[in-house]
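Presented below is the structure to which this report refers.
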Amino acid sequence: MSLEQGPNISLGGELTVEDFYIFFKELLDRYLDIGEDLNVPDDFTQSEMQTGMWWRHLAAGGIAGAVSRTCTAPLDRLKVFLQVQSSKQRISDCLKYMLKEGGVSSLWRGNGINVLKIAPESAIKFAAYEKVKRLIRGNEKRQMSIYERFVAGACAGGVSQTAIYPMEVLKTRLALRKSGQYSGILDAAKKIYVTEGIRSFYRGYIPNMLGIIPYAGIDLAVYETLKKKYLSTQENKQPGLLLLLACGSASSTLGQVCSYPLALVRTRLQAQVIAAGKSGQIVSEHQHTSMVGLFRHIIKTEGFPGLYRGITPNFIKVLPAVSISYVVYEYSSRALGVNMT
């Protein structure tokens with residue numbers, strides 16, 4: 001499989017460094033919080049496009065994502081809960097509070113819409129990616145470089161995130177809601193719209209989009225370094241599994257550390273309740289409602305560590321999320337008749 005084909009592979013077959021690295025990195029990128037799922041979409045072969053096999057890959061990925069997100073939803077809600085705290089709290093204290101306030105089922109608050117948005121996000125991103133690829137290549141029938149794929153993927157991610165971003169805001173609000181506050185997704189959307197207006201559904205949009213820049217840049221740099229430096233010194237010898245895991249994990253972790261403050265600010269902006277006053281002006285529960293203002297406020301009142309609240313459960317959820325996603329993807333692909341060899 002070539003670099004352009006994407007991560008539609010099975011670890012049971014013979015892999016090249018590109019195969020495994022891209023597959024492993026895509027799983028990591030999907031479950032480390034850089035904004036939601038802004039990784040480069042799958043690049044399907046002409047045969048897969050003509051036979052309709054592409055939609056089976058997308059369906060298998062959607063099923064895997066839904067199961068994985070559901071299994072790790074408590075950790076995700078815990079992360080969101082810690083992100084919006086202005087005072088330092090232990091993970092155990094937050095967990096006890098959530099259980100006391102809403103019971104065990106409350107740990108899955110916000111997961112319903114998190115699963116529902118997989119399908120529209122994947123479909124929009126795939127369609128936008130194919131369109132941008134055609135614009136980049138024109139009439140040329142050639143493989144795209146890693147940099148061209150990055151540009152196409154970033155554009156596709158931007159389009160899909162713009163389209164489904166209101167669902168991201170709803171996910172945050174539902175995850176943070178108290179018992180009885182909303183009866184469901186539609187009730188939450190209606191109440192937010194009536195009390196805060198349509199603009200509230202795009203709060204935190206800018207830091208969400210900016211978060212992809214440091215993450216993707218580091219990812220690309222590490223990939224190129226691995227490909228050019230290591231392989232050139234090993235005379236085409238494939239690097240070991242542990243080395244690949246280390247390289248992928250290191251680049252993902254470094255990218256997460258660089259982009260996480262933007263994710264935290266995004267979540268806090270999404271969580272802020274903005275209401276229209278009697279004279280039509282905007283009234284907020286918080287003093288700082290802009291990205292820059294919130295950054296300054298956090299650093300001034302909480303210090304630099306305040307920008308990384310919630311990062312521990314975010315890292316904890318990666319290993320089970322990736323493992324579950326891979327296993328479910330394998331079985332879903334086979335059930336859908338996808339050729340994994």
Hey, what do you get for CH2 (Trp108) to OG1 (Thr72), rounding to the nearest 0.5 Å?
-> 10.0 Å
Tyr326 OH to Tyr331 OH distance, which is reported to the nearest 0.5 Å = 10.0 Å
Nearest 0.5 Å, what's the CG-OG distance between Leu269 and Ser290?
-> 8.0 Å
Before giving the answer on salt bridge (Lys or Arg N to Asp or Glu O under 4.0 Å), spell out for Lys190 and Asp187 the whole-Å C-alpha distance, their side-chain angles and the decisive distance to 0.1 Å.
-> CA-CA 5 Å; Lys190 180 181 178 180; Asp187 182 56; over 6 Å; no
Is a donor on one side and an acceptor on the other found under 3.5 Å between the side chain of Ser122 and the backbone of Ala119?
-> no
Please determine if Asp76 and Arg109 form a salt bridge, counting it only when a charged side-chain N lies under 4.0 Å from a carboxylate O.
-> no
What one should report as the nearest heavy-atom pair of Gly103 and Ser106 is O-OG, 2.6 Å
Okay, side chain of Ser68, backbone of Ala64: is any donor-acceptor separation there less than 3.5 Å?
-> no
Is there a donor-acceptor contact under 3.5 Å linking the side chains of Arg203 and Gln272?
-> yes
Quick one: does Met98's side chain get under 4.5 Å of Pro74's, heavy atoms only?
-> no
Does Tyr193 have its ring centroid less than 6.0 Å away from the ring centroid of Phe201?
-> no
Could you check Gln83 against Tyr260 for side chain to side chain donor-acceptor pair (under 3.5 Å), going step by step and ending with a plain yes or no?
-> CA-CA 10 Å; Gln83 283 179 329; Tyr260 190 82; 3.0 Å; yes
Steps toward side chain to side chain donor-acceptor pair (under 3.5 Å) verdict (Glu121, Tyr165) | CA-CA 9 Å; Glu121 182 178 15; Tyr165 193 75; over 6 Å; no
Roughly how far, to the nearest 0.5 Å, is the CG atom of Leu95 from the CG atom of Leu82?
-> 9.5 Å
Where do Arg69 and Ser325 land on the side chain to side chain contact (heavy atoms under 4.5 Å, CB included) test, with the steps shown first?
-> CA-CA 9 Å; Arg69 291 182 187 191; Ser325 181; over 6 Å; no
Tell me whether Leu307 is reachable from Phe81 by hopping between hydrophobic residues (I, L, V, M, F, W, Y) whose side-chain heavy atoms are closer than 4.5 Å.
-> no
Donor-acceptor pair between Gln161 and Asn208 side chains, under 3.5 angstrom = yes
Indicate, with yes or no, if Ile91 and Ile311 share a hydrophobic cluster defined by side-chain heavy-atom contacts under 4.5 Å among Ile, Leu, Val, Met, Phe, Trp and Tyr.
-> no
Treating Ile, Leu, Val, Met, Phe, Trp and Tyr as nodes and any side-chain heavy-atom pair under 4.5 angstrom as an edge, say whether Phe304 and Leu264 lie in one connected cluster.
-> yes
So CG of Leu176 and CD of Gln181: to nearest 0.5 Å the spacing works out to 9.0 Å
Do side-chain atoms of Arg266 reach the backbone of Pro207 as a donor and acceptor pair under 3.5 angstrom?
-> no
Apply side chain to side chain contact (heavy atoms under 4.5 Å, CB included) to Met291 and Leu210, showing your working.
-> CA-CA 11 Å; Met291 179 181 72; Leu210 290 177; 4.0 Å; yes
Kindly give the heavy-atom pair with the smallest separation between Gly62 and Ile118, and that separation in Å.
-> CA-CG2, 3.8 Å
Minimum heavy-atom distance Leu336-Ala60, with the two atoms named | CD1-N, 3.8 Å
Do the side chains of Arg173 and Ile192 get nearer than 4.5 Å, heavy atoms only?
-> yes
Identify whether Ile316 and Tyr308 are in the same connected component of the hydrophobic contact network (ILVMFWY, side-chain heavy atoms under 4.5 Å).
-> no
Can you check whether Ile164's main-chain N or O pairs, donor with acceptor, with Glu168's side chain at less than 3.5 Å?
-> no
State, without any angle test, whether Ser179 and Glu101 hold a side-chain donor-acceptor pair at a distance under 3.5 Å.
-> yes
Ser200 side chain vs Glu196 backbone, donor-acceptor pair below 3.5 Å = no
Should the heavy atoms of other residues, nucleotides or ligands under 6.0 Å from CG of Leu186 be counted, would the total exceed 12?
-> no
Same cluster for Val80 and Leu78 if Ile/Leu/Val/Met/Phe/Trp/Tyr side chains link at under 4.5 Å?
-> yes
Of all the heavy-atom pairs spanning Pro261 and Val257, show the shortest one and how long it is.
-> CD-O, 3.6 Å
Val318 and Asn314 have their tightest heavy-atom pair at CG2-O, 3.3 Å
Give the intermediate values and the outcome of side chain to side chain contact (heavy atoms under 4.5 Å, CB included) for residues Lys171 and Gln270.
-> CA-CA 9 Å; Lys171 170 200 164 187; Gln270 290 175 340; over 6 Å; no
Report the distance from atom CG of Leu99 to atom CG of Leu107, rounding to the nearest 0.5 Å.
-> 5.0 Å
Any side-chain heavy-atom pair of Val84 and Thr172 under 4.5 Å | no
Do Arg134 and Lys131 touch side chain to side chain, with heavy atoms closer than 4.5 Å?
-> yes
Could you tell me which non-hydrogen atom of Val132 sits nearest to which non-hydrogen atom of Ala152, and how far apart they are?
-> CG1-CA, 3.7 Å
Carefully, step by step, assess Lys100 and Lys96 under the rule side chain to side chain contact (heavy atoms under 4.5 Å, CB included).
-> CA-CA 6 Å; Lys100 182 179 179 180; Lys96 288 178 182 178; over 6 Å; no
Test salt bridge (Lys or Arg N to Asp or Glu O under 4.0 Å) on Arg268 and Glu302 and set out the steps.
-> CA-CA 14 Å; Arg268 288 204 183 183; Glu302 304 172 44; 2.8 Å; yes
Looking just at side-chain N and O atoms, do Thr162 and Tyr205 make a donor-acceptor pair shorter than 3.5 Å?
-> yes
State, yes or no, whether a side-chain contact exists between Leu174 and Arg177 at a heavy-atom distance under 4.5 Å.
-> yes
